[in-house]
Amino acid sequence: MDSKIKNKSKGHLTFWFFIDDAAKLKSKTADGGRIEISHSGSPHLQCLSWPSKEWISEKVTDGWNFIDLPFSKSTEMTPDDPFNPQGPKYFRIYFNGPASSTEFVYGLDAVGFYEEE
């Protein structure tokens, strides 16, 4: 996928995220979890990452939520082998701790990218 992003510091990851009970998820994500995008095709390599507790606590309510994550607020997981914003091949959301064993319904739609002008 070509994200069309030329300047990584101005790039954004966007998607729609559905959760049936945001309170249940918010109370269970203090231990972690992340959103990652990578151009290596594998997790933790050449990727950007955002802690799930930050975007969940700030942005998620019951139902569909539009999520907009600036690359500038992400963590570069492998700084010696940096993320290439023009060729992402891998995307994942995962939760650690209590959230990984809590039942909830979630959905994902319209994953995309844009660059600030």
Side-chain angles (χ1 to χ4, degrees):
M1 166 192 262
D2 183 359
S3 69
K4 311 263 190 272
I5 293 173
K6 307 295 183 219
N7 184 339
K8 185 166 58 175
S9 67
K10 294 184 176 189
H12 289 246
L13 167 67
T14 61
F15 57 93
W16 284 93
F17 182 78
F18 175 86
I19 185 71
D20 64 334
D21 186 347
K24 189 174 8 174
L25 183 60
K26 287 178 185 181
S27 70
K28 302 291 185 181
T29 57
D31 292 337
R34 304 191 83 71
I35 295 174
E36 295 178 352
I37 55 172
S38 166
H39 78 270
S40 73
S42 299
H44 304 302
L45 298 172
Q46 303 166 326
C47 78
L48 299 179
S49 177
W50 295 262
S52 60
K53 65 182 178 180
E54 290 179 13
W55 67 272
I56 289 173
S57 63
E58 294 175 9
K59 299 178 167 98
V60 175
T61 60
D62 294 355
W64 283 102
N65 300 267
F66 183 71
I67 306 298
D68 184 336
L69 300 171
F71 288 5
S72 62
K73 293 188 177 183
S74 68
T75 299
E76 186 101 36
M77 297 298 285
T78 51
D80 295 338
D81 194 9
F83 172 73
N84 175 355
Q86 295 177 359
K89 297 181 181 102
Y90 184 88
F91 173 86
R92 77 174 176 168
I93 298 174
Y94 68 91
F95 304 107
N96 292 334
S100 63
S101 60
T102 300
E103 287 191 27
F104 51 86
V105 176
Y106 68 93
L108 188 65
D109 196 14
V111 177
F113 302 91
Y114 75 92
E115 186 172 5
E116 296 172 24
E117 293 186 24

Next on the checklist: With a 3.5 Å distance limit and no angle check, can you tell me whether Lys89 reaches the backbone of His39 through a side-chain donor-acceptor pair?
Outcome noted: yes
Checklist entry - Between Phe17 and Phe66, is the gap from one ring center to the other below 6.0 Å? => result no
Checklist outcome for this item: Closest non-hydrogen contact found for Ser72 with Ser9 is CB-O, 3.8 Å
Item to check | Same apolar cluster (I L V M F W Y, side chains within < 4.5 Å links), Phe71/Tyr90 | outcome: no
Checklist entry - Is it the case that more than 12 heavy atoms not belonging to Tyr106 sit under 6.0 Å from its OH atom? => result no
Checklist entry - Heavy atoms, side chains only, cut-off 4.5 Å: are Leu48 and Thr75 in contact? => result no
Next on the checklist: For the CG atom of Leu13 and the CD1 atom of Ile35, what is their distance to the nearest 0.5 Å?
Outcome noted: 7.0 Å
Checklist entry - What distance separates Ile37 CD1 from Ile93 CD1, expressed to the nearest 0.5 Å? => result 11.5 Å
Next on the checklist: Using 0.5 Å steps for rounding, measure from the SG atom of Cys47 to the CZ atom of Phe91.
Outcome noted: 12.0 Å
Checklist entry - Which pair of non-hydrogen atoms, one from Ala22 and one from Thr61, has the smallest distance, and what is that distance? => result CB-C, 3.6 Å
Checklist outcome for this item: So OG1 of Thr14 and CG of Asp68: to nearest 0.5 Å the spacing works out to 6.5 Å
Item to check | Closest non-hydrogen atom pair, Pro70 against Trp50 | outcome: O-NE1, 3.0 Å
Next on the checklist: Show the nearest heavy-atom pair for residues Asp20 and Phe18, with the distance to one decimal.
Outcome noted: N-CE2, 3.7 Å
Item to check | SB check Arg92 Glu36 (cutoff 4.0 Å) | outcome: yes
Next on the checklist: Could you see if Val60 belongs to whatever hydrophobic cluster contains Leu108? Use Ile, Leu, Val, Met, Phe, Trp, Tyr and a side-chain cutoff under 4.5 Å.
Outcome noted: yes
Checklist entry - Could you walk me through whether Asn65 and Ile19 pass the side-chain contact (heavy atoms from CB on, under 4.5 Å) check? => result CA-CA 8 Å; Asn65 300 267; Ile19 185 71; 4.1 Å; yes
Checklist entry - Backbone N or O of Gly107 within a donor-acceptor pair of the Asp109 side chain at under 3.5 Å? => result no
Next on the checklist: Testing the 3.5 Å rule here: is there a donor-acceptor pair between the side chains of Glu116 and His12?
Outcome noted: yes
Item to check | Minimum-distance pair of heavy atoms, taken over all atoms of Phe15 and Leu69 | outcome: CE2-CD1, 4.0 Å
